[in-house]
Amino acid sequence: MKQSIIHVALVVRDYDEAIRFHTEKLHFTVVEDTYQPELDKRWVLIAPPDSDGPALLLARASTPEQERVIGNQTGGRVFLFLSTDDFWRDYNSMTSLGIRFVRVPKVESYGTVAVFEDLYGNLWDLLERSPTHSLSSRAV
């Protein structure tokens, strides 16, 4: 049996502001943006350029419970992990675009990593894997 995770839902306040952040600051692409009139919502998928991994589903909060978790879907833990083939290129680009890093870059046995916040406060790792790490052969 072969299975894979294809989407991860990210609860957002507003579709368009979330699209702008991810496309302008992280250089993601919009994979799909379809209005669903029967539900009065949009199906918005975004992904890093040239990625064949899971896409993020931007899910607009529609209840008070969902609104409360915007920016804190994992209770303050790192939520998403953005792999890169050039840590310093992306780190410098992101900082120049105003992305706030909450943990400074660090070289670990598994690679170079730093933690940043998205527009709502969710924490992400920016990670360039070490070439000797067991997962380094997986596609970025």
Q: May I ask you to test the Y120-V11 pair for a side-chain heavy-atom distance under 4.5 Å?
A: no

Q: What's the separation between atom CG in N92 and atom CZ in F87, rounded to the nearest 0.5 Å?
A: 8.5 Å

Q: Find out if a path of hydrophobic residues (ILVMFWY) with successive side-chain heavy-atom gaps under 4.5 Å connects V107 to W88.
A: no

Q: Checking side-chain polar atoms at under 3.5 Å, does Y35 have a donor or acceptor matched by the opposite partner on D40?
A: yes

Q: Check whether more than 12 heavy atoms from other residues, nucleotides or ligands sit under 6.0 Å from atom CD1 of I5, and answer yes or no.
A: no

Q: Once you round to the nearest 0.5 Å, how far does CD1 of I19 lie from CG of D14?
A: 8.5 Å

Q: Do E32 and L57 have side chains that approach each other closer than 4.5 Å (heavy atoms only, starting at C-beta)?
A: no

Q: Are T23 and V30 packed together at the side-chain level, in the sense that at least one heavy-atom pair is separated by less than 4.5 angstrom?
A: yes

Q: Within the structure provided, determine whether E117 and W124 are in side-chain contact (heavy-atom separation under 4.5 Å).
A: no

Q: I'd like to know if L123 and V113 are part of one continuous hydrophobic network [Ile/Leu/Val/Met/Phe/Trp/Tyr, side-chain heavy atoms within less than 4.5 Å].
A: no

Q: Is there side-chain contact between T34 and R42, with heavy atoms separated by less than 4.5 Å?
A: no

Q: Give, for atom CG of L10 and atom NE2 of H22, the distance between the pair rounded to the nearest 0.5 Å.
A: 5.5 Å

Q: List, by chain and then residue number, the residues other than L97 in its hydrophobic cluster (Ile/Leu/Val/Met/Phe/Trp/Tyr, side-chain heavy atoms under 4.5 Å); write none if there are no others.
A: none

Q: Hey, does F28 have a side-chain heavy atom less than 4.5 Å from the side chain of L82?
A: yes

Q: Is the backbone of D86 close enough, under 3.5 Å, to the side chain of T84 for a donor and an acceptor to pair up by distance?
A: yes

Q: Of all residues at least two apart in sequence or in a different chain, which pass the ring pair (Phe, Tyr, Trp, His ring centres under 6.0 Å) check with F101?
A: Y91, F116

Q: Distance alone, cut at 3.5 Å: any donor-acceptor contact between the side chains of E67 and T63?
A: no

Q: Is there side-chain contact between R129 and S83, with heavy atoms separated by less than 4.5 Å?
A: yes

Q: At what distance, to the nearest 0.5 angstrom, does NE2 of H7 lie from CG of L56?
A: 10.5 Å

Q: If I take atom CD1 from residue I46 and atom OG from residue S51, how far apart are they, to the nearest 0.5 angstrom?
A: 11.0 Å

Q: Just how far is it from atom CG of L126 to atom CG of L80, taken to the nearest 0.5 Å?
A: 12.5 Å

Q: Would you say D33 and W43 make side-chain contact, with heavy atoms under 4.5 Å?
A: no

Q: Side chains of E128 and Y110: is there a donor and an acceptor less than 3.5 Å apart?
A: no

Q: Within a radius of less than 6.0 Å around CZ of R103, do more than 12 heavy atoms belonging to other residues, nucleotides or ligands occur?
A: no

Q: Could you tell me whether E65 and R68 have a side-chain N and a carboxylate O separated by less than 4.0 Å?
A: yes

